[in-house]
Amino acid sequence: MSADDVRVEELRRRKAQAIAGGGQARVSAQHSKGKLTARERLDLLLDDGSFMEVDPLVEHRCRDFDMDRNVIPGDGVVCGHGTIGGKTVYCFAQDFTVYGGSLGEMHGLKICKILDMALKTGSPVIGLNDSGGARIQEGVASLGSYAEIFFRNVRASGVIPQISVIMGPCAGGAVYSPAITDFVIMVDGTSHMFITGPEVIKTVTNEEVSFEDLGGASTHARKSGVTHFTADDDEEALELTRELISMLPSNNLQKAPVLPTMDPIDRACDRLQSLVPDNPKEPYDIIVAIEETVDDGAFLEVQSEYAMNIVVGFARLGGHTIGVVANQPNFLAGCLDIDASIKAARFVRFCDSFNIPLLTFVDVPGFLPGASQEWGGIIRHGAKLLYAYAEATVPKLTVITRKAYGGAYDVMSSKHIRGDYNVAWPSAQLAVMGAEGAVQIIHRRRIASSGNPEQERERLVDDYEDTFANPYRAASLGYLDDVIQPSETRIVMVKALGALLEKEEVRPARKHGNIPL
Ligand code: HXC
């Protein structure tokens, strides 16, 4: 063999070793758990043949615990960049077959390099997490690398979209990188997230809880709201990631992407004419209003199982990506509570960071009453949503379908906190509160002193409804830009958005606001 051949052979050997990861037995173990390997995941995530690996030959430099006898090139994480639908993305995939995907110093620094490159180039970053956490043998060096990642996640927040896909364990402080990123996608059954595991909990508090109940996908989808999407398996999680990326701009300087649609922009939304029931206490599904209005009925709902009294998600309107926020009368009558306020506030802030216009459907009877809400801090949590809407400078479109009562009227993208185009359906009612409650408060004495209190109460309720249970008082004050037929919602919103696309609005310069966290 020539010297050249020897050198090429050496390179091949090293690359093959990096690709082999922890070896066939561990790859088989990974497969037997229903999980793909890091490289298989990247293949599915990225456009065919687009992946370019960075740092395949990085090795750890730990000498403790005989680690110098177990060095695997790549150090348990496959990093690089590729494209999704032609859009450049940076990505890393932890390789559970190498030291359980645990994060040592160099493993962490490889991820940092990816985050730095993504930020420099204004590209989204996607992390595929599957890791036993801090590499125990490397001690504080691995904690240092974690913190370097967290710092970069924060620095990139609001500049490039960051997505975390959880495809295995994610424990301890390791959860804080996904928590800072914009979206978390978990795989049902094979991913777990928690700060302290079941054994530590048992020792400290004597509580007994399984891995799945403590930190499985459905727990985080329904109870904690930590995950934004749940997938049945690795393939679905990666497909969801691709779909999400297709809706987003690559960075905060770009406009949201436009995808031409065959759905006519002047299509009448006939199903909406009779969507709102005559009885104001009767629920209905606001998702029908969303799907009828947007292009092709396609709505990518975010956190669909959490705080279901508010619906948030992405859609397209006349081809433009929009963020949709909607009270859901089907759950808790669409009241705003702590969880709903936090859920929607974070979504509104994401959209505003990335120039994604907002379309808000309002049917809200108010904030949820109750001591647990008050003690839980509904005052400061509800204020988050108010703050997020008021702070947002993207085009804001608002459709009031029925109730817009009390403080919740103000909060839900009202004209007063700078909604740009606000309309109502004829079924809308804009008031401080519903008729029954209002009459009880302002006419209590009059009802009590009347010869026929029940008849008097009914008369006063009718009177109140005639005055306030409609959109016309608000329209006469200019608080609504128009009252439209439900069937006109799509055409009106498409036109309004078109006229607002070049909107520019500035807020006073400051280091950052002080959102009530
Ligand atoms: C080093 C680790 C490791 C770790 C797993 N491995 N976790 N090596 N550091 N943290 C190795 C195992 O030794 C094993 O190596 C291989 O990965 C696979 O692990 P198994 O236990 O065989 O796999 P499994 O049964 O699937 O269990 C996976 C697991 C378990 C649930 C993740 O390994 C586990 O509990 N690991 C410890 C988790 C943990 O406590 N991490 C620290 C959390 S605190 P071999 O050679 O046998 O294949 C933390 C702080 C972050 O992360 C702080 C940030 C600020």
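Worth knowing before you read on, the calculation uses all heavy atoms, side chains too, and leaves out hydrogens, waters and symmetry mates. FYI, the numbering just counts along the sequence from 1. In each ligand, atom 1 is the first atom listed, and ligand 1 is the first ligand listed.
- A salt bridge between E10 and R7 is absent, with no side-chain N of the basic residue lying under 4.0 Å from a carboxylate O of the acidic one.
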Could you go through ligand 1 and note, for every N or O atom, any protein N or O atom closer than 3.5 angstrom, writing the atom names and distance to 0.1 Å, or 'none'?
{"residue": "ligand 1", "atom": "9 (N)", "partner": "I136", "partner atom": "N", "Å": "3.1"}
{"residue": "ligand 1", "atom": "10 (N)", "partner": "G132", "partner atom": "O", "Å": "3.1"}
{"residue": "ligand 1", "atom": "10 (N)", "partner": "A134", "partner atom": "O", "Å": "2.9"}
{"residue": "ligand 1", "atom": "17 (O)", "partner": "G100", "partner atom": "N", "Å": "3.0"}
{"residue": "ligand 1", "atom": "26 (O)", "partner": "K33", "partner atom": "NZ", "Å": "3.2"}
{"residue": "ligand 1", "atom": "41 (N)", "partner": "G132", "partner atom": "O", "Å": "2.7"}
{"residue": "ligand 1", "atom": "46 (O)", "partner": "R26", "partner atom": "NH2", "Å": "3.0"}
{"residue": "ligand 1", "atom": "48 (O)", "partner": "R26", "partner atom": "NE", "Å": "2.8"}
{"residue": "ligand 1", "atom": "48 (O)", "partner": "R26", "partner atom": "NH2", "Å": "3.3"}
{"residue": "ligand 1", "atom": "52 (O)", "partner": "A134", "partner atom": "N", "Å": "2.8"}

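- Taking K113 as the reference, V54, D55, M117 meet the side-chain contact (heavy atoms from CB on, under 4.5 Å) condition, with sequence neighbours excluded.
- Under the side chain to side chain donor-acceptor pair (under 3.5 Å) test applied with E105, the options R135, H60, R61, K110 reduce to a single match, R61.
- Listed by chain and number, the residues in a salt bridge (charged side-chain N to carboxylate O under 4.0 Å, His left out) with D66 are R69 (sequence neighbours excluded).
- Salt bridge K202/E207: absent, no basic N to carboxylate O contact under 4.0 Å.
- Applying the salt bridge (charged side-chain N to carboxylate O under 4.0 Å, His left out) criterion to D420, with sequence neighbours excluded, gives K503.
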